[in-house]
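Structure first, then comments.
Everything numeric in this text was worked out from a predicted model, so none of it was measured.
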Amino acid sequence: MQIFNKMARRDVSAWTAAIGAMAMEGNGEQAIELFNEMLGQGVKPDEVVFVALLTACSHGRSVDQGWDLFRSMKEIHGISPQIVHYGCMVDLLSRAGFLEEALDLIKSMPMEPNDVIWGSLLAACRKHKNVELAAYAAERITELAPERTGIHVLLSNIYASAGKWTEVAKVRLQLKEKGVHKMPGSSSTEVNGIIHEFTSGDESHSENTQIAMMLQEINYRLRDAGHVPDLTNVMLDVDEQEKEYLLSRHSEKLAIAFGLISTGQGMPIRVVKNLRMCTDCHSFSKLVSRIYEREIVIRDNNRFHFFRQGYCSCCDYW
């Protein structure tokens, strides 16, 4: 933003980039403020800036604001919403828990919905535990993009979260028959110019013993602080003790533990993860940031999370 603020002239592309940065950080209010400032300076918006705005609303759970912007495209700015804008609105409604409204919007679209739009609905079904709608969305995706086998992995996880192990077995058998393997969770962190990568359950790191001891210490301190592991994030039909162990070995927890033993007191820990953070790892990161007085930055496959003093920039909404 420093470069943006120093620019003598800002065209719509510059404004869009700044608004998009706010969207990525989940700062919806700032994104809207920038948009209003852009309009105040007489810059005409285009269809791209509305993608950034609607994305910001989605990350900030600003449903009413999102609807106002979506309607203003045609009514005020003369821009006909394209499939990407409908996709943003479906994502916004789905994330906020308005799954039926999202489905109604999909059905009312003036163009055929694509697999990305159905994918947004499916992903939200996991968060809001709507198994029936998840199965329906997965069927639509399979019809439109049969090569997207990862959808069945997500559907399997939704069934597992709901404890529907018979359905889990059916989906996993289909995946096995197709030769599809679930992508393991992977997290990377940089220490002294070297990238260290961890996968869930990884014990191959040269400092594995120290990492395990650090994790044990963290878990003791988190338990004293009232943390209770969320075992619904374990997608296997095993006993609770095994679930708790598997949960404790998620890749970002390994990366954070390594960061704590490898960097100086007060230094930030930065992690990049290939999948969406689970709710337990999110709670874990918040508490670690407070108890150990560290800033933790995690970029998962959806957005940035800035953990400071027990809080996250996403306000627990991602």
Pairwise distance CG(Leu103) to CZ(Arg140) - rounded to 0.5 angstrom: 10.0 Å

Is the shortest side-chain heavy-atom distance between His205 and Ile211 below 4.5 Å? yes

side-chain contact (heavy atoms from CB on, under 4.5 Å) between Leu144 and Glu112, worked out: CA-CA 10 Å; Leu144 292 165; Glu112 283 296 315; over 6 Å; no

Could you grab the distance from atom CG of Leu247 to atom OG1 of Thr232, nearest 0.5 Å is fine? 8.5 Å

Test side-chain contact (heavy atoms from CB on, under 4.5 Å) on Cys125 and Val131 and set out the steps. CA-CA 7 Å; Cys125 286; Val131 178; over 6 Å; no

Give me the atom names and distance for the closest heavy-atom approach of Ser200 to His250. OG-CA, 3.9 Å

Linking directly or through intermediates, with side-chain heavy atoms under 4.5 Å: list the remaining ILVMFWY members grouped with Val84, chain and number order. Val51

Donor-acceptor contact below 3.5 Å, side chain Ser248 vs main chain Tyr245: yes

Is the backbone N or O of Met277 less than 3.5 Å from a side-chain atom of Asp300, with the two atoms forming a donor-acceptor pair by type? yes

side-chain contact (heavy atoms from CB on, under 4.5 Å) partners of Ala23, counting only residues at least two apart: Thr55, Ala56

Side chains of Asp230 and Ser283: does their closest heavy-atom pair fall under 4.5 Å? no

Does the Asn274 side chain pair with the main chain of Ser186, one donor and one acceptor, at a distance under 3.5 Å? yes

Any side-chain heavy atom of Val297 within less than 4.5 Å of one from His305? no

Would you say the side-chain atoms of Ser156 and Arg172 include a donor-acceptor pair closer than 3.5 Å? yes

Please, which pairs that meet side-chain hydrogen bond (donor to acceptor under 3.5 Å, both in side chains) have at least one residue in residues 64-81, sequence neighbours excluded? Lys74-Ser80

If two hydrophobic side chains count as joined below 4.5 Å and joins carry through other members, does Tyr136 share a cluster with Val153? yes

Ile158 and Leu154: CA distance, side-chain angles, deciding distance, side-chain contact (heavy atoms from CB on, under 4.5 Å) verdict: CA-CA 6 Å; Ile158 292 171; Leu154 178 55; 4.3 Å; yes

For Gln82, does its backbone N or O pair with a side-chain atom of His85 as donor and acceptor, under 3.5 Å? yes

Keeping Asn301 on the side-chain end and Arg276 on the backbone end, is there a donor-acceptor pair under 3.5 Å? yes

May I ask you to check whether over 12 heavy atoms, not counting those of Glu143, lie within 6.0 Å of atom CD? yes

Plane angle bin for Phe258 and His196 - parallel if under 30°, tilted between 30 and 60°, otherwise perpendicular: tilted

In terms of heavy-atom contacts, does NZ of Lys127 have more than 12 from other residues, nucleotides or ligands at under 6.0 Å? yes

From Ile106 CD1 over to Leu93 CG, what is the distance, rounded to the nearest 0.5 angstrom? 9.5 Å

Check whether any side-chain heavy atom of Arg299 lies under 4.5 Å from a side-chain heavy atom of Val271, and answer yes or no. no

Does some side-chain heavy atom of Met213 sit less than 4.5 Å from a side-chain heavy atom of Ile261? no

Pro113 to Trp118 - nearest heavy-atom pair and separation: CG-NE1, 3.7 Å

Does any N or O in the side chain of Thr199 come within less than 3.5 Å of the main-chain N or O of Pro184, such that one atom is a donor and the other an acceptor? no

Is it the case that over 12 heavy atoms from other parts of the model lie below 6.0 angstrom from the CD atom of Glu295? yes

Over all heavy atoms of both residues, which pair between Ser262 and Glu207 is shortest? Give the atoms and the distance, please. OG-OE1, 4.5 Å

Do Lys286 and Asp316 meet the salt-bridge criterion of a basic N to acidic O distance under 4.0 Å? yes

Here the pair of heavy atoms bringing Ile298 nearest to Ser285 is CD1-OG, 3.7 Å

So, for Phe307 and Phe284, is the gap between ring centers shorter than 6.0 Å? no

Which atom names give the shortest non-hydrogen contact between Ile79 and Asp46, and what distance separates them? CD1-C, 3.8 Å

Taking everything shown except Tyr317 itself, do over 12 heavy atoms lie less than 6.0 Å from its OH? yes

Check whether more than 12 heavy atoms from other residues, nucleotides or ligands sit under 6.0 Å from atom CD of Glu240, and answer yes or no. no

Shortest non-hydrogen contact between Lys44 and Val12, atoms and distance: O-CG2, 3.7 Å

Does some side-chain heavy atom of Glu197 sit less than 4.5 Å from a side-chain heavy atom of Thr189? no

Keeping to residues at least two apart or across chains, list the side-chain hydrogen bond (donor to acceptor under 3.5 Å, both in side chains) pairs with something in residues 89-99. Ser58-Asp91, Ser58-Arg95, Asp91-Arg95, Arg95-Asn302

Shared ILVMFWY cluster between Ile151 and Leu173, side chains joined below 4.5 angstrom? no

Side-chain heavy atoms of Leu92 within contact of Met89, under 4.5 Å: yes

Give a yes or no answer on whether the side chain of Thr263 reaches the backbone of Leu260 with a donor-acceptor pair at less than 3.5 Å. no

Mind jotting down which residue pairs meet the salt bridge (charged side-chain N to carboxylate O under 4.0 Å, His left out) criterion with at least one end in residues 247-269? Sequence neighbours excluded, please. Glu252-Lys273, Lys253-Asp280

Mark yes when over 12 heavy atoms from residues, nucleotides or ligands other than Ile3 sit less than 6.0 Å from its CD1; otherwise mark no. no

Would Trp165 and Tyr159 count as a close aromatic pair, with their ring centres under 6.0 Å? no

When the ring planes of Tyr86 and Phe70 are compared, do they come out parallel, tilted or perpendicular, using 30° and 60° as the limits? perpendicular

Just do the side-chain contact (heavy atoms from CB on, under 4.5 Å) check on Ile83 and Met109 with the steps written out, would you? CA-CA 8 Å; Ile83 194 168; Met109 289 172 54; 3.9 Å; yes

Taking side chain as C-beta onward, heavy atoms only, is Arg10 less than 4.5 Å from Val43? no

I need the full list of salt bridge (charged side-chain N to carboxylate O under 4.0 Å, His left out) pairs touching residues 100-109, with sequence neighbours left out, sorted by first then second residue. none

Measuring centre to centre across the rings, with the benzene-like ring taken for any Trp, is Trp15 within less than 6.0 Å of Phe4? yes

If you group Ile, Leu, Val, Met, Phe, Trp and Tyr by side-chain heavy-atom gaps below 4.5 Å, do Leu175 and Ile141 land in one group? yes

